[in-house]
Amino acid sequence: VSVVSLNDQIFTSAGSRWDDWGPLNDDWRQSSLRDDMLQKAVALIEDHADLGSLFAIKDPRLCRLADLWLAAMEESKVEPSAVLMVRNPAEVIASLESRDLMAPGYSQLLWLRHALDAEFFSRGSNRVVCRYDQLMSNWFSVIDRVRTGLGIMLPRNSPSVHLEIEQYLNDEHRHHEIPLEAVIENPALSDWLRRTFAIMVNWSEEGETSSDYAELDQIRLEFDRSYSTFARLLLPGDLTGGAGLGPSIKRELTDAQQALQNAEIGSQETEARLSSAAAREARTGQTYGRRGPQELREALRMASSEGKVG
């Protein structure tokens with residue numbers, strides 16, 4: 001079982017899904033179902049631990065389930081460290097709209113849920129905050145911050161591996177690039193989102209500051225309360241599109257455009273053949289019209305004889 005599929009099972013057991021902007025309900029957290037899912041996470045972590053003393057688990061769903069996974073690591077006797085990789089919400093919004101046809105306003109809610117839960121549930125753990133744009137522009141500096149910030153050694157930290165990373169991290173993997181100020185200084189966006197992102201940006205540059213916890217907790221409390229009021233109006237489905245729906249529809253549109261182009265070409269060819277046939281018919285009628293009955297009979301006899309010879 002992969003981390004992604006297990007996380008989807010966990011969401012299903014809690015009556016949720018990956019694109020739900022609300023918190024997981026308290027009844028689930030106190031139920032035996034959570035304990036069952038915890039044991040599944042323990043088993044998966046122990047399988048990963050067989051890879052060696054240093055391994056990584058990556059999935060955006062971990063943001064909302066960080067408390068369960070951290071508990072599973074503790075039970076598995078694995079010492080966890082967390083890298084909070086923050087991406088500009090405007091880029092996430094554009095990406096989800098392109099990939100899944102998700103409504104931009106809904107994407108804001110989803111980004112905020114992931115950011116707030118990831119921070120809250122991993123608070124107190126060994127962690128470091130970085131940004132995606134930092135990784136793409138200067139990956140070596142980010143990796144060095146992760147290494148020193150978490151106090152871990154990277155056994156494959158060699159020039160040949162550096163080359164592999166540089167070949168992998170290119171602009172083809174970044175389809176949207178939007179300035180940070182387009183979010184932080186944009187009054188049209190949610191105040192909760194802007195304040196949360198501004199704190200994360202500061203942490204990624206200056207380091208984590210515990211004095212920001214109170215503001216983040218207040219935002220998360222107000223955000224959680226709003227869910228009970230607006231959840232039925234903003235449920236996943238109508239506003240979230242579907243995973244991978246954007247590229248699928250684009251392929252269908254391309255196929256339809258190609259079929260239409262082929263049909264137009266076929267129509268033009270048919271019209272050309274019809275015009276040619278009409279012209280031949282007209283020329284034939286004019287020729288036969290100038291001949292008398294005897295000449296026509298002779299012409300037909302000659303054509304019949306040539307056909308037999310051939």
**Study point:** Contact check, side chains of Glu205 and Arg131, non-hydrogen atoms, under 4.5 Å
**Key:** yes
**Study point:** Pairwise side-chain contact, Val3 with Leu62, heavy-atom cut-off 4.5 Å (strictly under)
**Key:** yes
**Study point:** Lys40/Asp36 salt bridge by N-O under 4.0 Å criterion
**Key:** no
Point to revise | Any Leu68 side-chain heavy atom under 4.5 Å of Phe121 side chain | key: no
Review point. Does the gap between the ring centers of Trp18 and Phe11 come in under 6.0 Å?
Key: no
Check your understanding: Are any of the side-chain nitrogens in Arg17 or Asp20 under 4.0 Å away from the carboxylate oxygens of its partner?
Key -> no
**Study point:** Side chain to side chain, Pro89 and Arg194, heavy atoms closer than 4.5 Å
**Key:** no
Practice item. Using the six-membered ring of Tyr213, assess whether NZ or CZ of Arg123 lies under 6.0 Å from its centre and within 45 degrees of the ring axis. Key: yes
Practice item. State, with a plain yes or no, whether a side-chain heavy atom of Leu154 is found less than 4.5 Å away from one of Leu54. Key: yes
Exercise for review: Determine whether Trp139 and His162 make a side-chain contact, defined as any pair of heavy atoms from C-beta on separated by less than 4.5 Å.
Suggested key: yes
Practice item. Evaluate the ring planes of Trp111 and Phe197, with Trp represented by its six-membered ring, and classify them as parallel (under 30°), tilted (30 to 60°) or perpendicular (over 60°). Key: perpendicular
Check your understanding: Just by distance, do the side chain of Ser98 and the backbone of Ser95 share a donor-acceptor pair under 3.5 Å?
Key -> no
Review point. Side-chain contact, heavy-atom cut-off 4.5 Å: Ile93 with Tyr106?
Key: no
Check your understanding: Any idea how Trp21 and Tyr227 line up, ring-wise: parallel (<30°), tilted (30 to 60°), or perpendicular (>60°)?
Key -> perpendicular
Check your understanding: Got Ile10 and Trp28 here, is their nearest side-chain heavy-atom distance under 4.5 Å?
Key -> yes
